[in-house]
Structures are given as structure tokens and as C-alpha cells.
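Chain letters run A, B, ... following the sequence lines, proteins first and then strands; every chain starts at 1. Keep in mind it's a predicted model, so treat the numbers as computed, not measured.
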2 protein chains.
Amino acid sequence: MVVASDAVPLDRRHRRRRETIEEVLDHAVQIMAEDGVAGLSLGEIARRMEMRPPSLYVYFPSKHALYDALFARGWRLLLDRMRASEEEHPSVEDDLRVIMLRVGNDFVRWSVENFAYAQLLFWRPVPGYRPGEAAYEPAVELYQQSSARLAALKQRGLLRADVDVEVALRDWTVLVSGVISQQLANEPGEPFESGRFAAAMPELAAMFANYYGNPARDRASS
Amino acid sequence: MVVASDAVPLDRRHRRRRETIEEVLDHAVQIMAEDGVAGLSLGEIARRMEMRPPSLYVYFPSKHALYDALFARGWRLLLDRMRASEEEHPSVEDDLRVIMLRVGNDFVRWSVENFAYAQLLFWRPVPGYRPGEAAYEPAVELYQQSSARLAALKQRGLLRADVDVEVALRDWTVLVSGVISQQLANEPGEPFESGRFAAAMPELAAMFANYYGNPARDRASS
DNA sequence: GTCTATATGACGATAGAC
DNA sequence: GTCTATCGTCATATAGAC
């Protein structure tokens, strides 16, 4: 068996397969945006790819597996977005409110602009579908990144020393997911800039900073 | 035409019809709780009522109309619950945090215990379904009741005089719906008492009271 | 390996008999 | 008011063509 000469077409096949998978996911997101997350249909994906529905089972063993791939892809995209956000604007300010507002706004903006993903990630709209363990991996990674970020802020004295980082992070996720939920449920399609609930972020960031912030360090909160 | 003699069987027919409708709704809620909101199927309702599916169309012209009835019924039940809550414990305390925590806890508790309704009311899980104007009526009523309650608290000096009641209410709904969303999405089936996100209510109520409360009146906030 | 043809059973919905 | 019959669509399984 000659491994080396087989490797090239094997790679090409694999690459082509992955490209097809990505194309399936692209169409799936588009359809979810049009018809709702639970309105995704394999037949519609196949139609747009000029395939027959059963052909999709070559790439995904079930519709749930497709949702799992979308779930993981969504968290991965959001994780990348938040990493880029942190690189663009390192949180060097001494104002907890300003830092949380920037982070929160980026999070909410991505969710509003990618509402199909957001509904899949933050709600539970698909009957019978529960994300698999592997699909949760990037979500866990984002959680750990957020936790580390908050811990660093505490280290720098922006969070009070007696604050439990996990509790503060739980409350912060409640604030942010509340904004996203209300925005997507009550004003679907409304852009981030003009959303009535997205506009609540400044007050909510101030609330959070006042409550968990260190008054000795952070003069801006009152 | 003798109207009087027709009236009795007509009433009986109407009453019987309404009873059947209520029975349909009861089964629908039960099925949504088991299979998810979007997993509701007319066939399953008919099966449990020992009917054929087309017979349901005598009572509801479409599945969306059924969802509309469930939407209105859910808000009505929640409205009744919040009214009873206010009667049991009139908000006579002088502590904004305590008042908001009681109201918020009752709201979240109902939502967790009636998670099928809650998903329908606070999320948008059904592809293609948008609540009709009539179905929104009890939701609007509850909003107005909440708005009046906050205005009364402002009148009593528990909310700062410069606070916009509508803004404060928007932020409060974000907090509460954030708790409900996170609780139902991440710990489905978990009771109110042991829910990780339901347990955030005390901190969130304190956050809200600190931010919008009147420090001159409300010594408890810090 | 990749796609297709075909089939099954469930679904929402409609028409028309009784 | 309830039924049977029917339609079109869906996810899914199997078997087989290339």
C-alpha cells in the first residue's frame, strides 16, 4: 500500500466534502432566518443545492446532527467575534461600566445581526433537540473566556474584592440574554441601532457596574 | 320565530362548545410541555380527545388560531396570577428592593412552573406564527398594570423623581425575562427553588433598586 | 464514495358525505 | 358536529446506480 500517492486525492475528497458541508450549513442558516429556526427543512436545503433530500444524509446522519453543527458553528462565530472585539479594544480603561457596555454591545449586536443563530443558541426552539456535549465546546470556551475576563477586572480592582466572579458572570449573562430575548421576541427584524431593548444596554451596564464595581476605583459609577 | 324557546338549547350548545374548546387548550398545553411548543400537533390533540384531526377545525380555523388562543390564555393566566400576588401582598413596604423581588419572584415562579406557556409568551418558537392583535390584549393589560404599579412607587417616593417609568419598566422586563430565558434554556425542568438563574433574582432586584431607587427614602439599598 | 429513486408514516389542511 | 377520503409536504430509511 502506497500511502503517499493516495494522500493527495484523499485530501481533495476531504476538502470537497467539507466544502459541501459548509454549503449545507450556509443554506440552513439562510432558511432559518427566513422561516424560523424550527422551520428549517432538509427538503428546502436540498432544493437550493439542487440535490435530492436523501443526499444530505451523506453529510449529516440526522436533522438533529445538522442542528448540532449549527449550534457549534454559532457559538464558534460568536466566540471569534468576542475575541476580535477584545483585540480591537483591550479593556484598559479604568471604568467598569464602559468596559461592560462595550463587551455587552458587541455581544448583543452580533446576536441581533445573526438572529437565526441567536435563537438557536439562547432559546430552545426545536422540539426534541438538545445540543450534544461536543456542540457545547465553543460555548464553554466563551464562558471561560468571559469568566477569565471578569477575574482579571477583579484583579485590577475594578470589581470589588468580595465579589464572586461566577455570580457576577451569571447576573451579567442574565442581563445580556434578557436584552437579546426581548429584542428578538418583541421587535424581530429591528436593527441593533434602533432596537428598543438593545438601547437598554447603557442603563444595564451602569446597573451592573454600580452593583459589582469597586467604588474606590471606579469614580464614574454613582 | 320564537326566540325565547330557542335560547336555552342555543346556550347549551354554546356552553358545550366552549367546554370543548377549553378541553382542546388543556390538551394542547400538556402536549407542548411534553414535546415543546413547536412540537404541538393537531393529530395528537385529536388522539387524546378520541376524535379525528379534521374535527378540530370546527373549533379552530387553523393551527395558528389555536396558538393565538393559547397565547391569550397564557397572558390571561399570568395576569391573574400577578393580580392575586398583589392582593395577597400589597406593596406597602418602604423598601423598593423587597417589593421588586416579591413581584419578580412571583413572575419567574409562574413562568418556570408553566414553562410551556412561558416559551410561547416570551420566545418565538413557532415558525410563521405571529400573535394576533386580539391575543395581545391581556399582555397589554399586564404591561399597563406594571406601569401603573411603578408609577405608584414613584409617587410614594421609592423611585427617584427623575426616573422615566417606561424606561425603568423596560429594564425590569429585561431582567425578569433574562432570568426566565436562561433558566428555561439552560436548566429545563429545574424547579424554581433550585434553579441557578432563578436564584439570581435577589441580586437583580437589588441592582434595580440601587439604580432606580430613591436613596433618600430607601435606606436598605447601598 | 456520492448521489438517486423509491417508499413509509406523520403532519396540516380541505372537501364533502352523513 | 363528526366523519372518511384526499392532497401536498415533511423527515427518514433502504436499496442500488454510477
Give the C-alpha distance, both sets of side-chain angles, the deciding distance and a yes or no for side chain to side chain contact (heavy atoms under 4.5 Å, CB included) between B:R130 and B:H64. CA-CA 8 Å; B:R130 227 187 101 51; B:H64 280 8; over 6 Å; no
One thing to verify: whether B:E44 and B:R48 come together as a salt bridge, which I'm taking to mean a side-chain N less than 4.0 angstrom from a carboxylate O. yes
Could you check whether B:E141 and B:Q145, counting side-chain N and O atoms only, form a donor-acceptor pair closer than 3.5 Å? no
Using atom OH of A:Y59 as one end and atom C1' of C:dC3 as the other, report the distance to the nearest whole Å. 8 Å
Does OP1 or OP2 of C:dG1 have a side-chain N or O of A:R17 closer than 4.0 Å? no
Scan side-chain atoms only and decide if B:R102 and B:S85 contain a donor-acceptor pair under the 3.5 Å cut-off. yes
So, does B:S55 get its side chain near the phosphate of D:dG1, meaning an N or O under 4.0 Å from OP1 or OP2? no
Write down the distance between CG (B:L56) and C1' (D:dG1), rounded to a whole number of angstrom. 12 Å
Base, sugar-phosphate, or nothing: which does B:R52 touch, judged by heavy atoms less than 4.0 Å apart? base
Check against salt bridge (charged side-chain N to carboxylate O under 4.0 Å, His left out), B:E190 and B:R196: CA-CA 9 Å; B:E190 195 71 25; B:R196 185 170 112 78; over 6 Å; no
Cut-off 3.5 Å, side chains only: do A:S41 and A:R47 have a donor facing an acceptor? no
Hey, what are the protein-to-nucleotides 10-14 of chain C N/O distances that come in under 3.5 Å?
residue: C:dC11; atom: OP1; partner: B:S41; partner atom: OG; Å: 3.3
residue: C:dC11; atom: OP2; partner: B:R47; partner atom: NH2; Å: 3.0
residue: C:dG12; atom: OP1; partner: B:L42; partner atom: N; Å: 2.8
residue: C:dG12; atom: OP1; partner: B:K63; partner atom: NZ; Å: 3.3
residue: C:dG12; atom: OP2; partner: B:L42; partner atom: N; Å: 3.1
residue: C:dG12; atom: OP2; partner: B:G43; partner atom: N; Å: 3.3
residue: C:dA13; atom: OP2; partner: B:Y57; partner atom: OH; Å: 2.6
residue: C:dA13; atom: OP2; partner: B:K63; partner atom: N; Å: 3.0
residue: C:dA13; atom: O5'; partner: B:Y57; partner atom: OH; Å: 3.0

Provide, to the nearest angstrom, the distance between the OH atom belonging to A:Y129 and the P atom belonging to D:dT12. 13 Å
Each nucleotide N or O in nucleotides 16-18 of chain D that has a protein N or O under 3.5 Å away: list the pair and distance.
none

For B:R73 and B:Y117, which I'm curious about, is there any donor-acceptor pair between the side chains at under 3.5 Å? yes
Whole angstrom value for the distance that separates C1' of D:dC3 from CE of B:M51: 11 Å
With a 4.5 Å heavy-atom cut-off, do B:S111 and B:F122 have their side chains touching? yes
With distance as the sole criterion, is a donor-acceptor pair present between the side chains of A:D171 and A:Y211 under 3.5 Å? no
Between C1' on C:dG1 and CD1 on A:I21, what's the gap in Å once rounded to a whole number? 13 Å
